[in-house]
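First comes the structure, then the notes that go with it.
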Number of protein chains: 2
Amino acid sequence: MTLKDLAQLLGLSPTTVSRALNGFPEVAEATRRRVEAAAAAQGYRPNSQARRLATGRAMAIGHVIPLSTQHEMVNPVFADFIAGASAVYARAGYDMVLIAVADADQTRAYRALRAQGNVDGVIVHGPRAGDPRIALLTDLGLPFVVHGRASGVDLPYAHVDVNSARAFERATRFLLDLGHRRIALVNGLEEMDFALRRRRGYERALVERAIVPDPRLLISGEMTEAQGYDAARRLLARADPPSAFLTSSLLSAMGVRRALWDLGLEMGRDVSILTHDDELGYFRNGAEEPIFTATRASVRIAGRRCAELLLAQIATPGAPPVAELIEAVLVVGASTGPAPGAPP
Amino acid sequence: MTLKDLAQLLGLSPTTVSRALNGFPEVAEATRRRVEAAAAAQGYRPNSQARRLATGRAMAIGHVIPLSTQHEMVNPVFADFIAGASAVYARAGYDMVLIAVADADQTRAYRALRAQGNVDGVIVHGPRAGDPRIALLTDLGLPFVVHGRASGVDLPYAHVDVNSARAFERATRFLLDLGHRRIALVNGLEEMDFALRRRRGYERALVERAIVPDPRLLISGEMTEAQGYDAARRLLARADPPSAFLTSSLLSAMGVRRALWDLGLEMGRDVSILTHDDELGYFRNGAEEPIFTATRASVRIAGRRCAELLLAQIATPGAPPVAELIEAVLVVGASTGPAPGAPP
DNA sequence: TTGAAAGCGCTAACAA
DNA sequence: TTGTTAGCGCTTTCAA
């Protein structure tokens with residue numbers, strides 16, 4: 001059933017039918033109703049390819065995932081982001097296209113994306129410090145929003161980021177308030193922008209209390225369980241071991257936990273662990289209540305906002321890029337579940 | 001730069017240029033070279049919308065995720081699957097479209113998908129027992145491959161599944177070999193087909209050793225940490241507690257672990273835990289070596305195979321549906337990392 | 001081996 | 001308020 005068929009059936013021109021179905025104001029109310037009824041009865045659906053070609057809009061948003069960050073992508077965080085964004089697209093009638101791009105030929109890949117015109121804009125995932133993609137996309141004139149930020153990029157660009165610095169500053173402060181003075185940071189690879197920011201937040205909190213950050217307490221690497229385990233084993237074997245670990249991921253925290261177990265140490269009594277993940281609400285930290293920061297809930301919000309900003313940017317091409325910072329909630333006294341204020 | 005532009009530039013007709021670029025045999029070798037050179041020089045990229053409209057193929061695969069399973073989607077497993085599938089699509093020039101479908105109007109949604117024609121086929125995620133989507137898609141004639149299986153569906157349909165039953169049978173047997181007789185199964189919701197199969201595997205292993213499965217040792221629910229914790233607390237408070245827990249997910253296992261901690265029990269001495277997740281290689285189970293089943297690596301393979309099967313099906317519409325079963329490896333003596341035999 | 005012409009199914013000026 | 005007419009950029013008969 002094509003538009004032409006439907007028009008013929010109704011004794012109208014395809015134009016009128018198109019207008020009726022697309023809510024143009026100049027169509028008589030009676031006609032519109034007739035058309036809508038017929039369309040529903042016939043189960044008519046406009047062919048999206050044809051519409052895309054005619055309008056010149058792809059009605060699709062690309063999510064570009066650098067293949068080098070595949071480890072990152074194979075991450076619950078990514079799924080949360082997607083969940084947030086997809087709801088927005090669905091409402092606006094956009095498709096969501098996942099695009100894996102090899103690091104090697106990014107320039108070519110993005111140029112192709114632009115020229116082929118199968119997306120109206122892209123969301124950039126996993127930005128690095130000084131990420132070249134931002135300049136590239138700006139240059140290409142392809143609308144984009146970055147999930148995260150890229151330190152050292154001077155161009156203005158639209159982005160939505162979780163406030164990693166503040167989250168880690170607050171988390172560190174929380175541990176300081178419990179009396180900890182030697183706090184280890186088990187961080188991600190510092191090429192990743194968020195990891196850099198997390199470290200800055202951590203250091204800010206220490207400096208604020210006149211504690212000189214000890215570089216030996218700083219671990220940076222792939223956020224795996226092995227990383228946490230090795231870090232904890234190594235640091236706890238020192239003469240001046242940390243009394244608390246602040247970790248960047250669930251897996252690292254689990255590794256630290258296993259190290260404690262192996263060493264016969266009790267979590268929350270001998271050593272505290274605090275991590276940046278929703279799922280670790282039960283980690284006791286010397287405080288009476290469990291505590292965690294609500295990354296995942298925040299990331300879902302970030303997904304939603306990224307999508308909204310990108311669609312707005314596509315609708316209004318001239319507007320200056322918008323930036324937003326989502327606060328990651330530090331939750332005390334809650335068990336697992338969405339953070340207060342998070343959407344259901 | 002359109003095809004027409006390029007043709008004009010070369011003093012050829014659009015037809016010839018199109019043929020040259022698409023590898024038609026009747027083009028003179030010299031012409032083809034000239035055209036290809038010019039295309040490369042001009043950075044020409046065929047507009048995908050136009051091509052799609054002209055050929056009638058969407059060159060896109062939809063991944064349909066039931067919204068009710070969003071919890072499932074917010075799952076590393078999904079990301080692994082995607083990683084496997086996207087490589088296949090990229091090579092074949094297909095786009096990967098994520099489609100979230102509300103449970104309410106599935107019929108309408110799939111019909112629309114078919115009529116709109118913006119995908120050439122779909123991958124069905126998160127099948128339930130007796131899942132109605134299979135009949136619906138078969139009826140619509142939209143090519144599809146199911147990731148997983150749906151018990152109680154009699155139609156033949158293409159699918160790729162990880163052999164959950166066997167994985168859990170082997171895991172259970174492993175615990176039995178260690179001398180365990182009371183083994184709790186902390187399973188997912190049994191509406192999910194994979195959860196059903198996991199239970200069957202578990203029961204099969206018990207029955208094989210003439211142990212009557214104790215329904216009180218069977219937990220089924222959302223695979224959260226709270227689930228594992230509650231289950232373990234409850235079961236370990238009984239007069240006849242289990243000596244081992246077999247869990248369906250990382251989070252559940254963590255919950256069980258926390259319960260042990262709270263009760264002052266030692267894992268691997270007082271109680272063993274075995275789980276179906278790559279990331280838990282360090283769980284000691286009374287055996288000398290850590291052990292785990294490699295779900296994630298298997299799922300990545302499943303993603304690749306699903307994509308390959310779907311593309312094949314689209315290429316050869318008449319062919320009967322193909323089914324494949326991926327064995328989840330039970331790994332003993334390895335630390336975290338890909339399973340032996342898994343692609344790098 | 002190449003080209004002319006007719007679509008694919010829709011939208012959007014421009015007329016009426 | 002409706003219809004006529006041209007495309008959108010490509011592929012694909014059919015003819016040369």
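Basis for what follows: all heavy atoms, side chains included, without hydrogens, waters or symmetry-related copies. Throughout, a chain's letter reflects where its sequence line sits, starting with A, and its residues are numbered from 1.
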Subject >> Short side-chain to backbone donor-acceptor contact, B:Arg34 and B:Leu10, under 3.5 Å >> reply: yes
Subject >> Between C:dT1 (C1') and B:Arg33 (CZ): distance, integer Å >> reply: 15 Å
Subject >> By salt bridge (Lys or Arg N to Asp or Glu O under 4.0 Å) - contacts of A:Arg91 (at least two apart) >> reply: none
Original post:
If you look at every heavy atom in A:Asn118 and A:Ala60, which pair is closest and at what distance?
Top reply: O-CB, 3.6 Å
Subject >> Whole-Å distance separating the CE atom of B:Met59 from the C1' atom of D:dC10 >> reply: 14 Å
Original post:
Quick one: salt bridge (Lys or Arg N to Asp or Glu O under 4.0 Å) pairs with a partner in residues 140-159 of chain B, sequence neighbours left out?
Top reply: B:Arg149-B:Asp161
Subject >> B:Gln116 backbone acceptor or donor facing A:Ser48 side chain under 3.5 Å >> reply: yes
**OP:** In whole angstrom, give the distance that lies between atom CG of A:Leu21 and atom C1' of C:dG9.
**Re:** 13 Å
**OP:** Decide, yes or no, whether a salt bridge links A:Asp139 with A:Arg114 under the criterion of side-chain N to carboxylate O below 4.0 Å.
**Re:** no
Distances for protein N/O vs nucleotides 10-12 of chain C N/O pairs under 3.5 angstrom?
unit_1: C:dC10; atom_1: OP1; unit_2: A:Tyr44; atom_2: OH; d: 2.6
unit_1: C:dC10; atom_1: OP1; unit_2: A:Asn47; atom_2: N; d: 3.2
unit_1: C:dC10; atom_1: OP2; unit_2: A:Leu3; atom_2: N; d: 2.3
unit_1: C:dT11; atom_1: OP1; unit_2: A:Asn22; atom_2: ND2; d: 3.2
unit_1: C:dT11; atom_1: OP1; unit_2: A:Arg51; atom_2: NE; d: 3.1
unit_1: C:dT11; atom_1: OP1; unit_2: A:Arg51; atom_2: NH2; d: 3.3
unit_1: C:dT11; atom_1: OP2; unit_2: A:Ser18; atom_2: OG; d: 2.6
unit_1: C:dA12; atom_1: N6; unit_2: A:Thr15; atom_2: OG1; d: 2.9

Original post:
Does the pair A:Arg33/A:Glu36 count as a salt bridge with the N-to-O cut at 4.0 Å?
Top reply: no
Original post:
With a 3.5 Å cut-off and no angle check, do the side chains of B:Thr15 and B:Ser18 form a donor-acceptor pair?
Top reply: no
**OP:** Go through the structure and list residues passing ring-ring contact (aromatic ring centres under 6.0 Å, His included) with B:Tyr44, not counting sequence neighbours.
**Re:** none
Original post:
In Å, rounded to the nearest 0.5 Å, how long is the span from CZ of B:Arg52 to CG of A:Asn47?
Top reply: 11.5 Å
Subject >> A:Leu6 CG to C:dG9 C1', straight-line distance once rounded to whole Å >> reply: 13 Å
Original post:
Okay, side chain of B:Thr316, backbone of B:Gly318: is any donor-acceptor separation there less than 3.5 Å?
Top reply: no
Original post:
End-to-end bend of the helix from C:dT1-D:dA16 to C:dA16-D:dT1 (five-pair axes, 10° rounding)?
Top reply: 40°
**OP:** Give a yes/no answer on whether the side chain of B:Thr16 brings an N or O atom under 4.0 Å of OP1 or OP2 in C:dT2.
**Re:** no
Subject >> Nucleotide C:dC8, atom C1' - distance to CD of B:Gln49 in whole Å >> reply: 13 Å
Original post:
Between atom CZ in A:Arg57 and atom C1' in D:dG9, what is the gap in whole Å?
Top reply: 18 Å
Subject >> For atom CD of B:Gln8 and atom C1' of D:dG9, their distance in whole Å >> reply: 14 Å
Original post:
When you measure from every atom of DNA chain D, which of residues 108-120 of chain A have a heavy atom less than 4.0 Å away?
Top reply: none
Original post:
How close or far is atom P of D:dG9 from atom CG of B:Leu53, stated in whole angstroms?
Top reply: 12 Å
